Amino acid sequence: MLDLKFIRDNVGKVKEGLKKKNSKADIDEILQLDEGKRGLLKEVEVMKADRNRISKELGISKAKGEDISQKSAEMKVFSQKIKDIDLKVEEITQRITALMLSVPNIPNEAVPVGSEANNKTVMEWGKKRNFNFNPLSHWELCEKLDIVDFKRAAKISGAGFVVFKGKGALLERALVNFMLDVHIREHGYKEVIPPFLVNEASMTGTGQLPNLKEDMYSIDKESLYLIPTAEVPVTNLYAGEIFSEEQLPLYHVSFSACFRKEAGSYGKDTRGMKRVHQFDKVELVKFVLPEKSYEEHEKLLNNAEIILQKLGFHYRVRLLASGDMSFAAAKCYDIEVYSPGCNEYLEVSSCSNFEDFQARRANIRYRARSGKTAYVHTLNASGVALPRTFIAILENCQTEDGKIAVPEALQPYMGGIAYID
RNA sequence: GGAAGGGUGGCCGAGUGGUCCAAGGCGACGGUUUGCUAAACCGUUGUACGGGCUAAUACCCGUACCGGGGGUUCAAAUCCCCCCCUCUCCGCCA
């Protein structure tokens with residue numbers, strides 16, 4: 001959520017930012033409601049001051065044994081007037097809040113303006129592997145090696161689900177443990193294993209609700225949602241809390257399953273496991289001081305990149321254009337790993353700085369040494385998402401005779417085996 | 001699913017209708033003392049919103065906030081109703 005006061009003082013800047021993000025959010029309506037509300041507040045607060053003063057006087061009169069019945073009767077009418085105005089104020093406040101929750105974050109100045117086509121490659125690592133044979137797609141490899149079962153997954157759950165089997169399951173497990181270990185031991189993150197079901201407040205806190213409701217699985221009877229990313233439970237861990245300045249920065253790494261309906265992307269990437277309804281992910285979440293957040297953002301990006309470097313994959317980093325960023329982000333890098341079977345770059349991580357946007361929604365603050373409280377900045381990145389990394393391993397590490405050469409970094413996590421065959 | 005307790009400031013914890021501007025403690029900050037640290041003593045110490053005055057997030061005034069919502073009352077942390085959360089015990093299940 002943006003700061004209403006900031007909107008009030010920077011109307012032009014905010015409108016420009018929203019335009020860059022292709023948002024149709026109506027700032028004017030919010031400002032108009034806000035003005036009306038402040039007018040009413042001014043009026044009713046004077047009345048309340050009167051009420052408080054007179055009530056106090058009546059208390060004293062009564063203690064002296066004086067008759068206060070007439071004055072009481074007058075005050076009853078006056079109090080009712082206050083209640084009526086309070087009700088109006090409450091109505092307006094709710095409308096403002098509802099509108100504010102749907103206003104996206106505005107982009108940082110470093111973000112290129114435009115749509116997906118304006119995303120900028122800011123860095124490339126490694127090189128595409130040269131094959132002296134025709135590389136297979138991951139779904140062909142999965143079937144041949146019998147390590148992922150798409151058909152039976154569809155039978156028990158539906159399209160867009162996968163079942164890992166044998167060495168496929170082992171590879172998935174190995175990847176999770178490998179990534180967790182790197183972030184915990186080498187990058188100083190503290191591990192958290194959160195619930196995979198969260199309440200509505202948590203989903204609102206990180207910005208998935210209200211706008212992305214159609215893309216989430218929910219258990220309506222209990223008002224619970226299946227998490228689309230560990231970002232949701234982990235960020236909301238500290239909702240309503242106040243850090244001391246010494247506690248920051250705080251780094252968490254978290255493994256979770258992620259659940260996404262992928263509404264609106266039917267027919268896209270239907271083959272294989274590029275886009276599935278349930279997948280595993282190792283997520284990095286940071287809580288930092290506002291003045292450090294862009295420095296921390298670069299470090300975060302690097303932490304995620306290291307995973308791909310250790311696995312030895314060619315990848316590129318894209319700075320997303322304003323219109324391609326998510327609702328809550330102020331600046332975002334995507335890491336895309338190259339996969340030869342499908343011959344494309346696959347997004348394995350979004351590395352975002354949300355500034356105080358999520359912190360304001362979830363009310364996560366810190367107390368500065370001066371004693372002042374302020375919102376923290378939150379950031380997160382996948383470190384990294386599993387299915388596409390799994391794809392990249394199969395397609396990049398395949399041998400001519402149809403085996404998968406396990407990357408060296410993963411071998412200790414797979415009982416020392418060198419090949420999946 | 002049943003029964004009982006609890007939810008108060010950064011934290012702990014008192015508070016059964018007006019004097020609550022929420023006691024007291026801890027912590028934090030400032031000061032005195034001190035070779036340094038500690039201790040002791042003195043003082044300060046919430047958040048949000050609105051308004052005034054501004055260079056100002058400084059200062060002044062007001063309002064609201066004691067889990068959330070509603071009610072009673074001239075007046076609610078306090079009384080009543082509903083809900084949420086939490087904890088203990090019982091039952092059921094793993």
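Just so it is clear, the structure is predicted and the values come from calculations on it, not from any experiment. Letters A, B, ... are given to chains in the order of the sequence lines, protein chains preceding strands, and every chain is numbered from 1.
One P atom belongs to B:A3, the other to B:C82, and the distance between them is 13 Å to the nearest Å. Comparing B:C60 with B:U73, their P atoms sit 38 Å apart, to the nearest whole Å. For the P atoms, the distance linking B:G68 with B:A77 amounts to 12 Å, nearest Å. The separation of B:A76 from B:G17, taken at their C1' atoms, amounts to 7 Å, rounded to a whole angstrom.
Residue contacts shown for A:Leu58 include a base, since a base heavy atom lies under 4.0 Å away. Backbone-only contact: A:Lys372 has heavy atoms under 4.0 Å from sugar-phosphate atoms and none from a base. The residue A:Arg360 sits apart from the nucleic acid: no heavy atom pair falls under 4.0 Å.
For A:Phe164 and A:Phe390, the ring centers sit closer than 6.0 Å to each other.
Of the two residues contacting RNA chain B, namely A:Gly59 and A:Thr373, the nearest-nucleotide position lying further toward the 5' end is that of A:Gly59. When each of A:Asp3 and A:Arg51 is assigned the nucleotide of RNA chain B with its nearest heavy atom, A:Asp3 is the one assigned upstream, toward the 5' end.
We find that CG of A:Asp9 is positioned 10 Å from P of B:G50, with the value rounded to whole Å. The distance from atom CD of A:Glu200 to atom P of B:C84 is 15 Å, rounded to the nearest whole Å. Summarising the geometry, the separation between CG on A:Leu248 and C1' on B:G10 is reported as 14 Å, rounded to the nearest angstrom. As a whole-Å value, the separation of A:Lys5 NZ from B:A56 P is 13 Å. Protein atom CD of A:Glu90 is 15 Å distant from nucleotide atom P of B:G50, rounded to whole Å. Following rounding to the nearest Å, A:Glu45 (CD) and B:A48 (C1') show an atom-to-atom distance of 11 Å. Whole-Å rounding puts the A:Lys48 NZ to B:A76 P distance at 11 Å. Atom pair A:Leu40:CG and B:A64:P shows a separation of 16 Å (rounding to whole Å applied).
Base pairing analysis places B:U63 opposite B:A48; the two distances defining the Watson-Crick or G-U wobble pair are each below 3.5 Å. When Watson-Crick and G-U wobble pairs are counted only if both distances are under 3.5 Å, B:U73 pairs with no nucleotide at all. For B:C36, there is no paired base (Watson-Crick or G-U wobble, both distances below 3.5 Å).
In this view, A:Lys331 and A:Glu298 satisfy the salt bridge (Lys or Arg N to Asp or Glu O under 4.0 Å) rule, not counting sequence neighbours. Partners of A:Glu91 by side chain to side chain contact (heavy atoms under 4.5 Å, CB included), not counting sequence neighbours: none found.
Among the nucleotides B:A48, B:C74, B:G51, the one closest to the side chain of A:Lys76 is B:C74.
Under the 4.0 Å criterion applied to side-chain N and carboxylate O atoms, A:Glu109 and A:Lys20 are not assigned as salt-bridge partners. Residues A:Glu66 and A:Lys62 are not paired through a salt bridge, judged by the lack of any N-O separation under 4.0 Å between the basic side chain and the carboxylate.
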